[in-house]
Amino acid sequence: MTVPYNFPHSAYAADLQRAWEHLAPGEESATNVAVAGRVMLLRTQGRLAFATMRDSSGEIQLFALADATERFEEFAHLHLGDWVGVRGEVVRTKRGELSVKVATWEVLASARHNFGDKWAGIADFDLRYRHREADLWANEKSRASLARRSEVVRALRERCWAAGFVEVETPILNPIPTGAAARPFVTHHNALDSEFFLRIAPELWLKRLVVGGFERVFELGRVFRNEGVSPRHNPEFTMLELYAAYWDYQDMMSFTEELVAGVALDVLGTTDLVYQERTVSLAAPWPRRTMAELASEAVGEDVSAHTPRERLVALLDERDVEVQPSWGAGRCLAELFEVSAEESLWSPTFVTEFPVEVSPLARRHRDDPALTERFESYLVGRELSNGFSELNDPEDQRERFEEQARLAASGDEEAMRIDEDYIRALEWGLPPTAGLGVGVDRLAMVLADESNIREVIAFPTLKPLRG
RNA sequence: GCGCCGGUAGCUCAAUUGGCAGAGCAUUUGACUCUUAAUCAACAGGUUCCGGGUUCAAGUCCCGGCCGGCGCACCA
């Protein structure tokens with residue numbers, strides 16, 4: 001069957017519902033429109049037929065009559081899921097349903113597969129994720145969650161622009177995977193005959209742009225980490241990273257809480273939300289607690305990066321954490337925090353003063369060289385963002401990289417490598433700068449009230465079918 | 001990667017202790033001039049995820065594999 005190449009569309013369902021809200025049952029508007037969408041339901045009644053048509057805005061009924069509709073028999077035999085373009089008058093039926101009384105119409109595309117049970121939709125996760133196009137029609141919630149994600153991304157971008165940040169794009173193919181502790185995906189460039197890694201973070205490139213004079217930059221993009229898949233982890237996920245010259249980590253915490261609360265306002269109109277049946281408020285300011293404080297509260301005794309390593313190891317042993325010989329007191333404290341305190345941080349909280357050992361790119365704390373001016377924000381028991389006063393001393397950065405290299409040599413697959421180009425960039429001078437990374441999918445999950453990250457990713461990573 | 005659970009018609013789901021594989025919706029055909037998951041009638045629809053095994057008999061029990069959900073680990 002030949003279908004048209006275009007359809008001169010004049011109205012969306014939701015706009016018609018709004019515009020003709022007061023049209024009385026049985027009344028005709030004397031206004032002709034052209035609408036298009038999918039037939040979701042079809043009720044034939046002899047020489048009448050009613051179809052529920054859905055477009056991107058909502059639904060409207062199509063009212064066909066044998067006496068008034070061209071090719072009525074064909075219309076009455078449409079399949080659920082067929083795309084149609086319809087021209088006719090806006091009317092309200094005797095039973096009160098706003099409708100387009102079909103005069104002329106065309107099939108725009110036919111559906112050769114169905115869109116699931118018309119009441120239960122599609123429940124099978126495999127089918128929903130592998131064929132999201134069907135899921136989006138079958139399950140309203142799927143479309144709503146992805147639409148919500150889009151609104152979150154838009155709000156983040158607009159708020160960054162409004163704060164004077166310049167949006168940039170940095171390489172995804174990297175000769176060295178760096179900027180985070182993670183295992184990379186590896187690929188190969190044929191003409192250059194070189195190994196490349198998909199980026200695990202854009203961090204170092206962005207700071208090089210600050211060295212170059214872009215005082216406020218941000219990038220909203222995909223990063224790739226070769227790690228486990230879970231309801232909260234997808235191998236490729238979206239990160240917002242931004243850097244502001246002349247700010248320190250305290251300034252950046254203030255920006256972060258305003259950004260996240262502002263996005264909630266933009267998207268939901270409120271900072272008070274319900275996530276998985278529990279209330280949570282995103283309103284600023286958020287409490288700022290040091291990692292040592294939170295860990296101390298959780299374990300019931302004072303611990304810090306200065307606590308003797310043996311004591312921290314004992315506390316970790318009690319919690320069945322396998323301590324690696326290469327871990328110093330700082331790493332032990334961070335691990336202790338993660339196992340004892342992290343999950344309890346339901347309302348938004350900044351965890352601050354991370355040990356230098358676990359923060360190879362963060363600037364040393366002005367009051368304590370064992371710590372850094374680093375924070376992570378936690379929300380609904382999960383990490384949402386990470387930021388710090390940036391390490392801008394090239395010699396200290398070299399020492400940190402060398403320490404990472406020692407860890408890598410002792411078998412730590414996630415340790416960073418020495419990036420000479422980056423050290424050279426710092427030698428040209430990075431002003432005092434603070435940086436931030438936000439897990440965009442995680443934020444979208446909270447604002448869409450979804451517990452599985454796949455619900456806010458249109459096409460989540462799946463194992464390819466074989467055999 | 002490990003553990004637990006799951007996979008039955010196009011979709012949503014049943015199937016007692018191992019005993020003839022079913023329903024609703026969708027599809028097909030028919031009836032019906034105001035329906036709302038329309039209704040009514042009829043037809044059709046199966047490699048019970050795949051491959052082995054036990055048994056007179058396997059959707060059901062056992063072994064292996066594939067895919068998924070959840071948990072753990074890793075991380076954001």
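Lettering of chains follows the sequences in order, A, B, ..., and the numbering in each one begins at 1.
Whole-Å rounding puts the A:Leu62 CG to B:U36 P distance at 16 Å. Atom OH in A:Tyr378 sits about 8 Å away from atom P in B:A76, given to the nearest Å.
Spacing of P atoms, B:A44 relative to B:U29, comes out at 15 Å, to the nearest Å.
With sequence neighbours left out, the side chain to side chain contact (heavy atoms under 4.5 Å, CB included) criterion links A:Asp248 to A:Gln250, A:Asp251, A:Arg366, A:Glu373, A:Ser389. Taking A:Arg331 as the reference, A:Glu335 meet the salt bridge (Lys or Arg N to Asp or Glu O under 4.0 Å) condition, with sequence neighbours excluded. Residues meeting the side-chain hydrogen bond (donor to acceptor under 3.5 Å, both in side chains) test with A:Asn452, sequence neighbours left out: none. Scanning for salt bridge (Lys or Arg N to Asp or Glu O under 4.0 Å) contacts around A:Glu318 gives an empty result, with sequence neighbours left out. Applying the ring pair (Phe, Tyr, Trp, His ring centres under 6.0 Å) rule to A:Tyr275 yields no partners; only residues at least two apart in sequence or on another chain are considered. By the ring pair (Phe, Tyr, Trp, His ring centres under 6.0 Å) test, A:Trp83 is found to be paired with A:Trp137, residues two or more places apart in sequence or in another chain being considered.
Contacts with RNA chain B (heavy atom under 4.0 Å) in residues 11-33 of chain A: none are found. A heavy atom lying under 4.0 Å from RNA chain B marks the following residues of residues 440-457 of chain A, by number: A:Arg442, A:Asn452, A:Ile453, A:Arg454. Contacts between residues 323-346 of chain A and RNA chain B, defined by a heavy-atom separation under 4.0 Å, are absent.
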Show each protein N/O and nucleotides 11-13 of chain B N/O combination with a separation under 3.5 Å, one pair to a line.
| unit_1 | atom_1 | unit_2 | atom_2 | d |
| --- | --- | --- | --- | --- |
| B:C11 | O2' | A:Asp117 | N | 2.7 |
| B:C11 | O2' | A:Gly121 | O | 2.7 |
| B:U12 | OP1 | A:Ala123 | N | 2.8 |
| B:U12 | OP1 | A:Asp124 | N | 2.9 |

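Within the structure, side chain to side chain donor-acceptor pair (under 3.5 Å) pairs that include any residue of residues 22-40 of chain A comprise A:Glu28-A:Lys101 (at least two apart or interchain).
Sparse packing is recorded around CD of A:Glu343, with 12 or fewer heavy atoms of other residues, nucleotides or ligands lying under 6.0 Å away.
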Between protein and nucleotides 40-45 of chain B, map the contacts as a letter string: B base, S sugar-phosphate only, - none, heavy atoms under 4.0 Å, written 5' to 3'. ------
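In terms of polar N and O atoms assigned as donor or acceptor, the side chain of A:Glu97 comes within less than 3.5 Å of the base of B:U36 in a complementary pairing.
Among the heavy atoms of the strands, none lies under 4.0 Å from A:Glu376. Contact annotation for A:Phe237: base contact, defined as any heavy-atom pair under 4.0 Å involving a base atom. Counting any heavy atom pair closer than 4.0 Å across all strands shown, A:Lys118 reaches sugar-phosphate atoms only and no base atom. Looking at heavy-atom distances under 4.0 Å, A:Asp320 makes no contact with the nucleic acid at all. Among the protein residues, A:Ser230 comes within range of the nucleic acid bases, having at least one heavy atom under 4.0 Å from a base atom.
Regarding contacts with the backbone of B:C74, every side-chain N or O of A:Arg232 stays at 4.0 angstrom or more from both OP1 and OP2.
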